[in-house]
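Here is the naming used below: chain letters follow the sequence lines, and residue numbers restart at 1 for every chain. These values consider heavy atoms only, across backbone and side chains, with no hydrogens, waters or symmetry-generated copies.
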Amino acid sequence: GDSVTQMEGPVTLSEEAFLTINCTYTATGYPSLFWYVQYPGEGLQLLLKATKADDKGSNKGFEATYRKETTSFHLEKGSVQVSDSAVYFCALSDGGSGSRLTFGEGTQLTVNP
Amino acid sequence: DTGVSQNPRHKITKRGQNVTFRCDPISEHNRLYWYRQTLGQGPEFLTYFQNEAQLEKSRLLSDRFSAERPKGSFSTLEIQRTEQGDSAMYLCASSLDGGGTEAFFGQGTRLTVV
């Protein structure tokens, strides 16, 4: 079945540091890929998405590129802020089963001033 | 419309009791999903509705769990004879038809079974 694997966390960075959170997936066919973010006390929010190979999703300074050859969708940001502290989830949707999402285990990011 | 709404936000119940949660999706969304999230894990799919029809149920959804979406609007998730292992955050999400479309999540209902 489909699965998503994220890098082990938690991740602690200083403000303005470079961020990478690794995500790899296993799926049949051609899934859509997503990054969701969960801020403390809030619901999951879509951060960015990519629906086909080589697409780059971007939002709020975050980027991720759909790499079919390496089955990866790593999240990057050039300069993190304290306000980026949250839990980040990589997810895929295979388009079948009503486009339900399969999530990774999440990565807790803490950014210190 | 302020997004997906879930009630209650927190529920503490004794083992063996029944509980029911409600989800009000974004009004024009025809798809509605239920997920369960335990501490330190990502959400796991439970079931989804297309309008009022329940089209898929995960193997995680034991026969103590039942979900409904009458008239294709709000949905309820009932857990009968709760067990301590049912303690989790129950998330509802809604979306429009089509692959790759964004699912909007509610803030969840945190269930604690004591």
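Here the CG-OG distance, from A:Leu46 to B:Ser95, works out to 11.5 Å after rounding to the nearest 0.5 Å. Atoms CZ and OG1, from A:Arg100 and B:Thr47 in turn, are 10.5 Å apart once rounded to the nearest 0.5 Å.
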Checking B:Phe45 against A:Phe103 for the side-chain contact (heavy atoms from CB on, under 4.5 Å) test, could you report, in this order, the C-alpha distance in whole Å, the side-chain angles of both residues, the deciding distance, and whether it holds? CA-CA 9 Å; B:Phe45 170 79; A:Phe103 287 88; over 6 Å; no
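Proximity of B:Phe105 to A:Gln45: side-chain heavy atoms (C-beta onward) are nowhere separated by under 4.5 Å. Contact check for B:Pro43 versus A:Leu44: side-chain heavy atoms found under the 4.5 Å cut-off.
Using a 4.5 Å cut-off between heavy atoms, A:Leu33 makes no contact with chain B at all. With a threshold of 4.5 angstrom between heavy atoms, B:Arg110 does not approach chain A through any atom at all. For B:Tyr35, the part sitting under 4.5 Å from any heavy atom of chain A is the side chain, from C-beta outward, and nothing else. Proximity to chain A (any heavy atom under 4.5 Å) is restricted, for B:Gln37, to the side chain, taken from C-beta onward. If you measure heavy-atom distances from A:Gln108 to chain B, you find no contacts under 4.5 Å at all.
The 12-atom threshold is exceeded at CG of B:Leu55, counting heavy atoms of other residues, nucleotides or ligands nearer than 6.0 Å. At most 12 non-hydrogen atoms from other residues, nucleotides or ligands lie less than 6.0 angstrom from CD of A:Glu16. In this structure, B:Glu68 places its CD atom where only 12 or fewer heavy-atom neighbours from other residues, nucleotides or ligands lie under 6.0 Å away. Around CZ of B:Arg64, the count of heavy atoms belonging to other residues, nucleotides or ligands within 6.0 Å exceeds 12.
Judged by distance alone, the side chain of B:Gln107 and the main-chain N or O of A:Gly41 form a donor-acceptor pair under 3.5 Å.
A:Val4 and B:Leu60 end up in different hydrophobic clusters when Ile, Leu, Val, Met, Phe, Trp and Tyr side chains are linked at under 4.5 Å. Linking ILVMFWY side-chain heavy atoms closer than 4.5 Å, directly or via other members, places B:Phe21 and B:Leu91 in two distinct hydrophobic clusters. Residues A:Leu92 and B:Leu46 fall into different hydrophobic clusters, defined by Ile, Leu, Val, Met, Phe, Trp and Tyr side chains chained together at heavy-atom separations under 4.5 Å. Residues A:Met7 and A:Val80 fall within the same hydrophobic cluster, defined by Ile, Leu, Val, Met, Phe, Trp and Tyr side chains chained together at heavy-atom separations under 4.5 Å.
A salt bridge is absent between B:Glu102 and A:Lys49: the closest approach of a Lys/Arg side-chain nitrogen to an acidic carboxylate oxygen does not fall below 4.0 angstrom.
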